[in-house]
Amino acid sequence: MYFKGCLQKQKGIRMKKFISIFLCIAIIVSLSACSFSGGNAVFSIGVADNVTSFNPFHTETEAERILSTNCFEGLLRFDEQGKISLAGATAYTIKNHGLSYVFKLNPNAEWYASSKAKTIIRDSGLDNFNYSITAEDYIFGFEIFKQASSQLDCIKEMKATDEYTLEINLSKKDYDLLYKLASLTFYPCNKDFYEAMGESYGTSSDTILYNGPYFIEESAESEIIISRNPRYNGNIQIKTKQVHIYTSLDKATQLKQFKDGLLNLYISDCTTDEIKGAVQAKPSLDTLWGIAFNCKSKLGSSKAFREVLFSSISAPYEIPLPAFAFERTKSIFPATYTVGDTVFSDFAYEPVLYEQ
C-alpha cells in the first residue's frame, strides 16, 4: 500500500529560518521483530543527488545527508515522534537558568576505522591512538563545525569537566539549542586523526572515522554501500546488514528500477499516480507519511516484513496535521525505521525545567 502526503502552510504564522531542510530516508535501523531476515537484510535505494565529499561537516546534497546521518552520531537526535532523543549523550542537565547544559557521554562509544584508516593511523606515528570517543572529541568537532556554519553562535564555550562529561555554556539563552544539536551536522571529531589527514580528511570513505550505526564499506561514482558498524555501541538496534545507495539517478530511472524490482524503496514528492500499476495508490493531502513496498523484490514480497513495518503506523487519517506544518513532506518512509533528519523551525519551543 502506498500513501502520498503533504504538509500545508498554516495561515497567520510567519515562518523563520529553518534549521534543517532535508528529510533523509530509507535507512532501516530497527527491525527487531523481523525474524524473516535474521538481521541480515540488504536494502537498495536510489537518490537523485551525488556525493562530492564524505566530510560530515560539509554535507550539502541529499545523498551526503543520508551518509552523514547514518554514519555519524552527535549528542542528540529526533525520535520517530519528532521529540528530542539521546544519541552520543546518555543524559543531560540544564543549569544556570538555561545558560549551561551538561551532557553525560556514552563511555562505551568507539571510533570505527577501516583497514586503510588504521594504516594511516599507524603510518602517522599515532601508536597509542585512543579509539574511545571523549568530551575532547566533541569540543574539537565543534571547532570544525564553526568553520562551516554559524548556526551555533549562541555557544560561548565548551569544556570537558571529565573524560565523559561535556559542559556547554551559552552567551545568551537559546530555547532551540537541543533542536539544533539534534538536527545540525555537529559531530565529534578526533583531533589527532584530523590533523594527520590534513586536507585529505573526508575526501574518501577511508579518510574519516565513523561513530554512527553504519560505516561506508565501499564507494564508487554511482554506488555507495554502507554496512552495519561492528564497533557501534549506541542505543539504535541495527537489524539491517547493508544498504546499497545508487546515486545520480533521475526520477524516471528510479521509477523504472523500482518497477523492475531493483530498488526496495521509491521516493516520491507528488500526489500523481505515476506508479499506478506497480502498487495501489491512495492520495492523502493532509497527512505526513506514506510507505511503499516493492513486492517484486525478495524482501518486499515478505508478508512478515510488510506487516511489522505497517503495524507501527496508524491509518493516515489518524495522523493530525501539525501546527508547525509549512511545506510538502519529502519522505514516504516512517522515521521509526530510519535514521533521518527532521525539518525544524526555530519558533517551536521545547518546554524545559531549569534546575533551581
Side-chain angles (χ1 to χ4, degrees), residues 27 29 39-40 42-43 50-61 63-74 87-88 105-145 147-148 160 163-164 185-234 236 238 240-248 339:
I27 308 304
V29 300
N40 291 315
V42 176
F43 281 77
N50 56 10
V51 175
T52 59
S53 172
F54 296 94
N55 188 335
F57 298 100
H58 295 156
T59 55
E60 295 182 0
T61 68
E64 291 171 353
R65 177 72 69 172
I66 289 175
L67 294 179
S68 66
T69 303
N70 288 275
C71 297
F72 302 92
E73 186 171 76
L105 305 180
N106 178 7
N108 299 316
E110 296 182 349
W111 293 111
Y112 175 85
S114 67
S115 58
K116 290 184 179 180
K118 289 180 180 179
T119 300
I120 293 172
I121 292 173
R122 184 173 57 254
D123 294 345
S124 300
L126 303 176
D127 299 328
N128 298 317
F129 186 79
N130 184 12
Y131 283 91
S132 297
I133 300 174
T134 67
E136 293 294 342
D137 293 323
Y138 280 92
I139 293 173
F140 185 70
F142 177 62
E143 295 301 318
I144 303 301
F145 175 85
Q147 297 176 16
E163 192 172 14
Y164 299 109
T185 56
F186 164 46
Y187 304 115
C189 183
N190 184 277
K191 184 177 181 180
D192 291 336
F193 184 82
Y194 182 88
E195 293 181 344
M197 293 307 308
E199 295 182 356
S200 297
Y201 182 82
T203 56
S204 71
S205 58
D206 294 312
T207 56
I208 47 178
L209 301 178
Y210 304 93
N211 75 321
Y214 292 92
F215 74 97
I216 302 175
E217 184 168 355
E218 297 182 26
S219 61
E221 184 177 355
S222 59
E223 181 183 4
I224 297 175
I225 299 175
I226 65 175
S227 298
R228 189 165 47 216
N229 182 353
R231 300 181 71 92
Y232 178 71
N233 295 310
I236 293 181
I238 301 302
T240 305
K241 178 182 179 181
Q242 201 172 75
V243 180
H244 292 243
I245 305 170
Y246 297 96
T247 59
S248 302
V339 177

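This one's a predicted model, so the numbers in the text were calculated from it and none came from an experiment.
Under the 4.5 Å side-chain criterion, counting only non-hydrogen atoms from C-beta, I245 is not in contact with V51. Side chains of L67 and I226 form a contact here, defined as non-hydrogen atoms less than 4.5 Å apart.
Across F72 and L209, no two heavy atoms sit closer than the pair CE2-O, 3.2 Å. Smallest separation of non-hydrogen atoms from N190 and F129: OD1-CE1, 3.2 Å. Among all heavy-atom pairs drawn from A87 and G74, the shortest one is CB-O, 3.3 Å. Among all heavy-atom pairs drawn from R228 and Y214, the shortest one is N-CD2, 3.7 Å. The nearest pair of heavy atoms linking K118 to A113 is CE-O, 3.5 Å. The heavy-atom pair separating I236 from P213 by the smallest distance is CD1-CG, 4.4 Å.
Taking Y194 as the reference, F140, Y201 meet the ring pair (Phe, Tyr, Trp, His ring centres under 6.0 Å) condition, with sequence neighbours excluded. With sequence neighbours left out, the salt bridge (charged side-chain N to carboxylate O under 4.0 Å, His left out) criterion links E64 to no other residue. Annotation: salt bridge (charged side-chain N to carboxylate O under 4.0 Å, His left out) contacts of E110 (sequence neighbours excluded): R231. Residues meeting the ring pair (Phe, Tyr, Trp, His ring centres under 6.0 Å) test with F54, sequence neighbours left out: none. For Y164, there are no ring pair (Phe, Tyr, Trp, His ring centres under 6.0 Å) partners, not counting sequence neighbours. Under the ring pair (Phe, Tyr, Trp, His ring centres under 6.0 Å) criterion, F215 pairs with Y112, not counting sequence neighbours.
Each of N50, V243, I216, I66 was scored for a side chain to side chain contact (heavy atoms under 4.5 Å, CB included) with I224, with one residue passing: I216. When each of C71, P56, P188, C189 is paired with N211, the side chain to side chain contact (heavy atoms under 4.5 Å, CB included) condition holds for P188 and for no other.
Note: S68 OG to E73 CD = 12.5 Å, rounded to the nearest 0.5 Å. Rounding to the nearest 0.5 angstrom, the gap separating the CZ atom in R65 from the OG1 atom in T185 is 6.0 Å. Taking CG of D137 as the start and CZ of F193 as the end, the distance is 12.5 Å to the nearest 0.5 Å. The CG atom of L105 sits 11.5 Å away from atom CG of N108, with the distance rounded to the nearest 0.5 Å. Taking OG of S114 as the start and CD1 of I208 as the end, the distance is 9.0 Å to the nearest 0.5 Å. Expressed to the nearest 0.5 Å, how far CD of E218 lies from NE2 of H244 amounts to 8.0 Å.
Checked by atom type and distance alone, the side chain of S53 never pairs as donor or acceptor with a backbone atom of T59 at under 3.5 Å. A donor-acceptor pair under 3.5 Å is formed between the side chain of Y210 and the backbone N or O of S205.
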Taking it one step at a time, do Y138 and I133 satisfy side chain to side chain contact (heavy atoms under 4.5 Å, CB included)? CA-CA 8 Å; Y138 280 92; I133 300 174; 4.0 Å; yes

